Amino acid sequence: MAASEENSALFPIFILTIMALPLVPYTIMKLCRAASTKTKTIHCKCSECTRSGKYRKSLFKRISNFSTCSNLTVILLWVIMIFLVSYIKNMSREAQPFDPYAILGLKPGASETEIKKSYRKLSVQYHPDKNPDPEAHTYFVEFITKAYQALTDPISRENYEKYGHPDGRQGFKMGIALPQFLLDIDGSSGGILLLWIVGICILLPLVIAAIYLSRSAKYTGNYVMHQTLSAYYYFMKPSLAPSKVMEVFTKAAEYMEIPVRRTDDEPLQKLFMSVRSELNLDLKNIKQEQAKFWKQHPAVVKTELLIQAQLTRESAALPPALQGDFKRVLELAPRLLEELMKMALIPRNAQMHGWLRPAIGVVELSQCITQAVPLSARKSTGGSAEGVAPFLQLPHFSDSVIKKIARKKVRTFQDFSEMSPEDRAELLTQVAGFSSSEVQDVETVLSMMPSVTTEVRCETEGEEGIQEGDIVTVQAWITVKRPNGLPVGLPHSPYYPFHKEENYWFLLADPVSNNVWFSQKVNFMDEAAAITGASKAIEDTMEGSGASVKEISTAVREAVEKVRSGSRLVMGKFPAPAEGSYNLTCFCMCDAWIGCDKKTSLKVKILKRTRAGTRGGFANEDGLVAEDGIEEEEENEEEEYDDDYESEYSEDEEEEKDTKRKGAANGTVRRKESSSEDEGEDEE
């Protein structure tokens, strides 16, 4: 019986160990993630963002954000662990080793006279004839009497002093950490023990593995369904316009799981009438177009209408039942758009090139969803390739305000943003009728808008020029500056109900062939990861080229300083195409702001292969590369796109020829990126 009690006492320790192994690292991971999220709270403080409430740290919101299933489960498990620790502590206190000197209140080595004196004293206090308390009787019999006998018997005392126990040397004991009820059942204890072992050691791991495998078979690493990726890959086309990107985007399997209720019919019909002009329906056959629209899958119809409610800012009129679905659609949108972007950029030909036009459409759709701006607002007007869309992302701006300031010859967003704060305030107060607080809101948002510059360097490791079949290494530094001086921050997005980070897509593409040669996503939030990645990339590249340790150390130090000053390194390789001249364009597009995208033209000439081996690099028309420190003016040729590549919402951009070209030498091509608005201007 005593042995079974000792074995049962090990069971809480066993359970505590099993719980602590996964719970402690998981808790540390959640705390680190919460700490990293807390550093990303730099957000817009205009009145519209404040009124939206998504940044408001109310007590109810904090409790609701904290009261998730995972957090409550972690807290419950920690409560159980604390209870087990307290129970084990009390149990260990009760299971103290037998010490007769401590029981009698004596010091080790006490004389026999002192032992008898202490025994008599304790007998008066605990003897059953003197104290009727049952606990006193138990203590007297099991502890005081045994301690007295152990110290008065010469053999027992010698055993205790030599081996620490009155009975002499104790044997080594082993037990099994099982609860007492499994050890007390006589006839069926073996069967119950077997069931316990099978359940804990076999069935539980199998159930956990089955749940994990079923989920991993359904979702990708980015928590997007495999069915969604298949649909995106199937419906992705090379000439997909922004409106068609919307149609592909709504085919996600996650959106198919959103319930479609009968009570949704009436509010969806009203919403359809409000956003009908944004659905690209043929007005000549409006009845047939409407019937065709409603014949789609109900979940697709509901999803597209809810997204249009976000773009047209009609979400406030939705009933409570649709509000939950509306938030669910927008919550899934960022990662679905990222996967849709990957499907546009996935290699589609032998040269491993993706498609440019649908990739631009995906980024434009992401910008419009974040800023709640209709896609039709991007239609080119008044000399602006982006239309009035950049204006509509500013607080308190509307179509009427844009028309008023246009009468003062402020027709493009660039003209407006380049004005001095005083001139801008005068324009908004006198022409648009803004109050001083509304003007301050506009200035706050303008101070947060990023200005992107890039420094692109393409080179062959250890070689000069470029020949067909070479491997080209592209290295680009992307720098983001803001008027308020902050390196990072959440964008102004009062109509988007969740926190949205800025992400940038770097694309090196050939607009004529609609091919993306190289692409990479860039994020400015995690500076530590950017420093690690940039240092490793620079070190690996320079070690491959045979640089000395001192040169590598200097280059890594410079890269770290660039990252800390607000730059990010983009680095990769791509195969050189066939011989010929290519007019490439470097795009740097933000998925959260409208009007902040930058692009620059870069002319590349691929030479005929004359040597064996694989080499890579960029060259000008003469086969040479531009010298560092000398500004190179690229020659831009007029390009005309086919109808398949013409955007619905922007006019074709005509590039004028610039025949000037300066300097040539060996090594690398360096190109400063300029804004898309300055691309077509002649150099005076």
Side-chain angles (χ1 to χ4, degrees), residues 240-246 278 280 310-313 337 356-406 408-419 424 442 445-446 448-454 480 482 491-493 495-496 502-505 507 509 511 585-601 641 645-655 673-681:
L240 217 58
S243 62
K244 302 300 180 182
V245 170
M246 169 80 77
E278 297 294 328
N280 295 314
Q310 166 70 5
L311 299 180
T312 57
R313 304 180 182 179
L337 286 168
L356 174 63
R357 181 161 175 72
I360 293 177
V362 172
V363 178
E364 289 181 355
L365 179 59
S366 176
Q367 294 171 353
C368 290
I369 290 177
T370 304
Q371 297 297 336
V373 173
L375 287 170
S376 60
R378 305 186 76 108
K379 186 176 181 180
S380 179
T381 56
S384 174
E386 294 286 349
V388 298
F391 285 104
L392 293 177
Q393 67 186 339
L394 297 178
H396 316 298
F397 265 69
S398 61
D399 291 333
S400 60
V401 173
I402 297 171
K403 291 178 181 178
K404 289 178 181 178
I405 64 175
K408 297 297 181 179
K409 297 183 179 180
V410 182
R411 297 183 176 86
T412 65
F413 186 75
Q414 183 179 0
D415 296 338
F416 182 76
S417 60
E418 290 179 352
M419 296 176 64
R424 214 163 27 232
V442 174
V445 174
L446 288 175
M448 294 189 64
M449 295 188 70
S451 174
V452 183
T453 57
T454 62
V480 171
R482 306 174 197 272
H492 165 80
S493 54
Y495 296 95
Y496 190 78
E502 292 178 359
N503 294 303
Y504 297 83
W505 284 94
L507 308 176
T585 302
C586 297
F587 295 85
C588 189
M589 306 185 70
C590 179
D591 68 348
W593 293 96
I594 303 175
C596 297
D597 303 333
K598 301 296 179 181
K599 65 178 181 178
T600 187
S601 297
Y641 296 93
Y645 300 94
E646 291 181 359
S647 172
E648 297 181 21
Y649 305 119
S650 61
E651 297 178 350
D652 294 339
E653 297 181 2
E654 295 184 356
E655 300 179 349
E673 185 161 4
S674 60
S675 64
S676 59
E677 293 84 86
D678 297 332
E679 190 178 26
E681 295 183 0

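What you see is a predicted model, and the numbers here were worked out from it, not measured in a lab.
Checking side-chain atoms of R482 against main-chain N and O of M448 turns up a donor-acceptor pair under 3.5 Å. Listed for the Q371 side chain is no donor-acceptor partner under 3.5 Å among the backbone atoms of L394.
Residues F416 and L446 have side chains in contact (heavy-atom distance under 4.5 Å, counting atoms from C-beta outward). Side-chain contact between T600 and T585 is absent, with no heavy-atom pair separated by less than 4.5 Å. Residues R313 and V373 form a side-chain contact, since some pair of their non-hydrogen atoms from C-beta on lies under 4.5 Å apart. At a threshold of 4.5 Å between non-hydrogen side-chain atoms, the residues H396 and V401 do not count as touching. The shortest side-chain heavy-atom distance between C586 and L507 does not fall under the 4.5 Å cut-off. Between M419 and V410, some side-chain heavy-atom pair lies under the 4.5 Å cut-off. Taking 4.5 Å as the limit, some side-chain heavy atom of Y504 sits within range of a side-chain heavy atom of V480. Looking at heavy atoms from C-beta onward, P395 lies in side-chain contact with H492 at the 4.5 angstrom threshold.
With values rounded to the nearest 0.5 angstrom, M589 atom CE is found 11.0 Å from I594 atom CD1. To the nearest 0.5 Å, atom CG of residue D415 and atom NZ of residue K409 are 12.0 Å apart.
Across P450 and C596, no two heavy atoms sit closer than the pair O-SG, 3.6 Å.
The side-chain hydrogen bond (donor to acceptor under 3.5 Å, both in side chains) check on W593 picks up E502, with sequence neighbours excluded. Applying the side chain to side chain contact (heavy atoms under 4.5 Å, CB included) criterion to A509, with sequence neighbours excluded, gives L356, V516, F587. Scanning for side chain to side chain contact (heavy atoms under 4.5 Å, CB included) contacts around K408 gives L427, V431, with sequence neighbours left out. Under the rule for a ring-ring contact (aromatic ring centres under 6.0 Å, His included), the partners of F413 that lie at least two apart in sequence or sit in another chain are F391. Partners of S451 under the side-chain hydrogen bond (donor to acceptor under 3.5 Å, both in side chains) rule, at least two apart in sequence or in another chain, do not exist in this structure. Residues that satisfy the side chain to side chain contact (heavy atoms under 4.5 Å, CB included) test with N503, not counting sequence neighbours, are K500, K521, N523, D591. Residues meeting the side-chain hydrogen bond (donor to acceptor under 3.5 Å, both in side chains) test with Q393, sequence neighbours left out: none.
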